[in-house]
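Taking it in order: structure first as structure tokens, then the write-up.
In this chain, residues are counted from 1 in sequence order.
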Amino acid sequence: MSESQKVADRSSAPPPGGNGVDRYFRISERGSTFAREIRGGFATFFTMAYILVLNPIILGSAKDKFGHQLDAVQLTTATALVAAVMTIIMGVGGNLPLALAAGLGLNAVVAFQIAPLMAWDDAMGLIVLEGLLICVLVVTGLREAVMHAIPQPLKQAISVGIGLFIAFIGFVDAGFVSRIPDAANTTVPVQLGGTGQLTGWPILVFCAGVLLTIALLARKVKGAILISIVTMTVVAMIINSIADIKAWGLTTPAWPDKLVDTPDFGLLGDFSLFGAFGETTALTVVLLIFTLVLSDFFDTMGTVVGVSAEAGLLDEEGKVPNLGRVLLIDGAAAAAGGAASASSATSYIESAAGVGEGARTGFSNLITGGLFALALFLTPLLTIVPLQAAAPALVAVGFLMMTQVKHIDWDKYEIAIPAFLTIAVMPFTYSITNGIGAGFVAFVLIKTVLGKAKEIHWLMWGTSALFLVYFAIDPIEQILGVK
């Protein structure tokens, strides 16, 4: 939205005053109206409601160290509950039009990086610890030190790498890409489809979904991702009813016996705060928490500043109003997500859709949060979405995160090489932690050989040393006689 439009909005708004709700949320003062806030709340919900489908699919498709999987219905309930409660708290406490829900990328870390190392309750305990650590960083002011320690290009590369990783997960989950068995005696690790070509109706649904999603995004249609998911789910249900399809995967697109059901809160409180330390090495636990904090903390900073700037809420010095409270609530949301087994909750950049519809205050969050609360009772309807209809959203989100690559200076090798390794290693090793570690180590090495060691923050030295130990943990354990 242009500055002239924002000014026009303010000039056409009612004068400051109004009722108590207006004064508390400063609706008139910020040049908004109740109608705009309500419209904005709906827009934000419909642009991010896809998480109610994707989060259960991502977490539900993974197995923990003991082969256990989380229940999709319970995951949907937990995802909706955390989004509803924390979005409302952000609105009332932070007074920003900033909705929260389980973070894409963060849930991938939990599902594919952390869960295979321990039990689900231990993995969710790490999320709680991550959220509490973020709160400590905010309260103590250490967030500034962390912000300045990591070069901006590496932060952007991390976002890009996670985007590619998410897109790759989407391709694999839909069956568009599959692993070639070792028995094939080939050096090619993956292939198109299951046999080197695309076959079957489910794959057609995925491909059509990708084309529809990118077409809607190109047209800048609000709610493009959600529209695509709903449309392709209907198409999948029609196909499933008339075609002979052996398997769709985790979810079959068939109309449920009932649309409304009582929420299943079975996963709430199912976490172990320090259980992870008994399942893997303390070093691994520390690095996993570091990865979660890094991903969550900096994504939140970018989202908060970006949405506030779009809403015209930054002050003369470019500061976000109530930033301390906003970041504290975001950290609490991460802990709440872990406590509910919904993965780390974080601020959503899709909140900008609500801003585009006129939202300027936290009142719009009451609408968005209320809609998430309503979704608690629509679990049967939300769990009929097949992977092939939801996975195109992962590809689309991957693209959106990939756009950060334009900000990296590829002419400077001391930045470009670490950024490249960060981006490439994540999808190629199916590990976000590995990508961050490769980028950090490369950055410190190249800066050192170029005689610029003094430019490296001490936190980068420390974390890079931890990553070196992490990568060499097997020979180190052998030398020390641990194994």
Side-chain angles (χ1 to χ4, degrees), residues 1-49 80 82-101 138 220 222-223 226 300-333 345-375:
M1 180 178 292
S2 66
E3 288 301 321
S4 60
Q5 288 175 306
K6 294 171 184 174
V7 172
D9 281 349
R10 289 189 176 92
S11 62
S12 62
N19 57 38
V21 175
D22 186 309
R23 290 192 296 272
Y24 179 84
F25 287 103
R26 304 169 65 183
I27 295 175
S28 297
E29 181 181 336
R30 292 185 180 179
S32 185
T33 65
F34 281 105
R36 291 174 185 169
E37 296 298 314
I38 293 171
R39 190 170 66 242
F42 272 92
T44 295
F45 174 78
F46 284 119
T47 53
M48 62 182 287
V82 172
V85 173
M86 297 313 303
T87 294
I88 291 174
I89 290 176
M90 178 65 82
V92 175
N95 198 23
L96 284 183
L98 196 67
L100 299 94
V138 175
K220 300 186 183 302
K222 291 181 173 63
L226 183 62
T300 296
M301 287 299 298
T303 298
V304 170
V305 173
V307 172
S308 299
E310 179 65 16
L313 299 178
L314 299 182
D315 62 18
E316 294 80 4
E317 299 178 359
K319 294 182 179 180
V320 177
N322 305 320
L323 180 59
R325 273 186 284 172
V326 169
L327 291 177
L328 189 61
I329 293 171
D330 189 88
T346 187
S347 303
Y348 261 58
I349 192 63
E350 283 85 353
S351 302
V355 172
E357 291 292 339
R360 294 293 181 272
T361 76
F363 185 81
S364 66
N365 279 29
L366 303 186
I367 307 302
T368 305
L371 291 171
F372 273 117
L374 181 63

Heavy-atom pair with the smallest gap, counting every atom of [X] and [Y]:
X: Val320; Y: Ser308; result: CG1-OG, 3.4 Å
X: Gly40; Y: Ala359; result: CA-CB, 4.0 Å
X: Ala83; Y: Ala101; result: CB-CB, 3.9 Å
X: Glu37; Y: Ser364; result: O-CB, 3.2 Å
X: Leu371; Y: Gly41; result: CD1-O, 4.4 Å
X: Val307; Y: Pro97; result: CG1-O, 4.0 Å

Do the non-hydrogen side-chain atoms of [X] and [Y] ever get within less than 4.5 Å of each other?
X: Phe372; Y: Met48; result: yes
X: Ser351; Y: Asn365; result: no
X: Thr303; Y: Tyr348; result: no
X: Leu96; Y: Asn322; result: no

Practice prompt. Show your reasoning for whether side chain to side chain contact (heavy atoms under 4.5 Å, CB included) applies to Leu100 and Val82.
Written response: CA-CA 8 Å; Leu100 299 94; Val82 172; over 6 Å; no
Worksheet entry | Backbone of Gly362 reached by a side-chain donor or acceptor of Asn95 within 3.5 Å | yes
Worksheet item: Is it true that a side-chain atom of Arg26 and a backbone atom of Thr361 form a donor plus acceptor pair closer than 3.5 Å?
Response: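 Not confirmed, Arg26 side chain does not pair with Thr361 backbone.
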[atom1]-[atom2] distance between [X] and [Y], expressed to the nearest 0.5 angstrom:
X: Arg36; Y: Arg30; atom1: CZ; atom2: CZ; value: 14.5 Å
X: Thr368; Y: Phe363; atom1: OG1; atom2: CZ; value: 11.0 Å
X: Ile349; Y: Leu98; atom1: CD1; atom2: CG; value: 8.5 Å
X: Asp330; Y: Met90; atom1: CG; atom2: CE; value: 5.5 Å
X: Ser28; Y: Arg23; atom1: OG; atom2: CZ; value: 10.0 Å
X: Phe34; Y: Asp22; atom1: CZ; atom2: CG; value: 5.0 Å

Discussion item. Quiz question: by atom type and distance under 3.5 Å, do the side chains of Thr346 and Thr300 form a donor-acceptor pair?
Written reply: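 Yes.
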